[in-house]
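Below is one structure; the comments refer to it alone.
Both ligands and their constituent atoms are indexed starting at 1 by order of listing.
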Amino acid sequence: MAVGIFDSGLGGLTVLDAVSKRLPEVPFVYYGDNAHAPYGVRTADDIYRLTCGAVTRLWDEGCDLVILACNTASAAALKRMQETWLPKEKRVLGVFVPLIEALTERQWGDNSPPREVEVKHVALFATPATVASRAFQRELAFRAIGVDVEAQPCGGLVDAIEQGDEILAEALVRSHVEALKRRMPHPQAAILGCTHYPLMERVFREALGEGVQVYSQARLVAESLADYLIRRPEFLGPGQVARFLTTGDPASVSVHATQFLRRRIGFEPV
Ligand code: DGL
């Protein structure tokens, strides 16, 4: 009954942590493509190719359902995968839609026409590839009307987080928030649209100031996955074993991952 969790690197561990707490009986197999991170500066074709390779590897682990715990892959590759590549008996889900459903006050999976919603000014912080894809705005337009989105590509931030350079990461968050606020001085909501960014959530909140609702993607993804598995239990795959796989150096990825999650994580080579 295993489920796969994919990210370009360590950021998806924020999602893994939330889904394992919400669904403790499910073995999750995590795949971090650390050797090719960050994805945020790659082309859409490159992201598509790497993501398909990782998902195929997770099928071998008995995961018929894979969560792309990576906004960049969800934005740049998921639609193409679902439309042109994915076999009928497998599912790949992204991390954008649960976030947008929460922002637009919908039930999970509600596909009714777009309508006016409470929130009007939304700040989106994401990688350059996610921002360039405009996938967030596209998915939002299917569900809500009259929402103004200001997107800030947070260049350098994933690298600083992956390298454990907290001082640089904090400085980058502050300067990216400042840059966005020059264009949208009073956002009502902020989306941390990269699974690495919750690790810097405190700094985002401080820099944004009071009165800005910050959406926590990991918890929303966990809730929507739990709901999905109730509706579609047939996509719990045959795998039985939880594992952490990486394309990078397992020893150093394990050290960083252990620092991230503040519990011991042991990665194995892909
Ligand atoms: N953590 C990923 C995301 O949510 C990928 C970041 C990257 O590799 O650039 O976008």
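Here the side chains of Phe244 and Val253 are not in contact, with every heavy-atom distance at 4.5 Å or above. Side-chain contact between Tyr48 and Leu78: absent, with no pair of heavy atoms (C-beta onward) separated by less than 4.5 Å.
Both the backbone and the side chain of Thr195 come within contact range of ligand 1, each with a heavy atom under 4.0 Å. In Val158, the part holding a heavy atom less than 4.0 Å from any atom of ligand 1 is the side chain. Proximity of Ala37 to ligand 1, defined as any heavy-atom pair under 4.0 Å, is not found for any part of the residue.
Side-chain contact, Ser133 with Thr130: no donor N or O sits under 3.5 Å from an acceptor N or O. In this structure, a donor-acceptor pair under 3.5 Å is present between the side chains of Thr246 and Asn34. Checked by atom type, the side-chain pair Gln188/His121 shows no donor-acceptor distance below 3.5 Å.
Of the candidates Thr130, Thr72, Ile161, Val95, it is Thr72 that places a heavy atom closest to atom 10 (O) of ligand 1. Which of His196, Arg42, Glu162 comes nearest to atom 1 (N) of ligand 1 through a heavy atom is settled by distance: it is His196.
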Between Phe204 and Phe125, does the ring pair (Phe, Tyr, Trp, His ring centres under 6.0 Å) criterion hold? Intermediate values first, please. CA-CA 10 Å; Phe204 271 105; Phe125 298 93; 5.2 Å; yes
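A pairwise comparison of heavy atoms in Ala123 and Pro187 identifies CB-CB, 3.9 Å as the closest pair.
Looking from atom 5 (C) of ligand 1 to the surrounding protein, the closest heavy atom is Ser8 OG, 3.3 Å. Scanning all protein heavy atoms for the shortest distance to atom 7 (C) of ligand 1 gives Tyr39 N, 3.3 Å. Considering only non-hydrogen protein atoms, atom 2 (C) of ligand 1 sits nearest to Asp7 OD1, 3.3 Å. Counting only heavy atoms of the protein, atom 9 (O) of ligand 1 lies nearest to Gly40 N, 2.7 Å.
Taking a cut-off of under 4.0 Å to the non-hydrogen atoms of Asn71, the atoms of ligand 1 that pass are 3 (C), 4 (O), 10 (O). Interface of Pro38 with ligand 1, defined as ligand atoms under 4.0 Å from a residue heavy atom, comprises 7 (C), 8 (O), 9 (O). Within the listing of ligand 1, atoms 6 (C), 9 (O), 10 (O) sit less than 4.0 angstrom from a heavy atom of Thr127.
Within 6.0 Å of atom CZ in Arg231, more than 12 heavy atoms from other residues, nucleotides or ligands are found, so the atom counts as buried in its surroundings.
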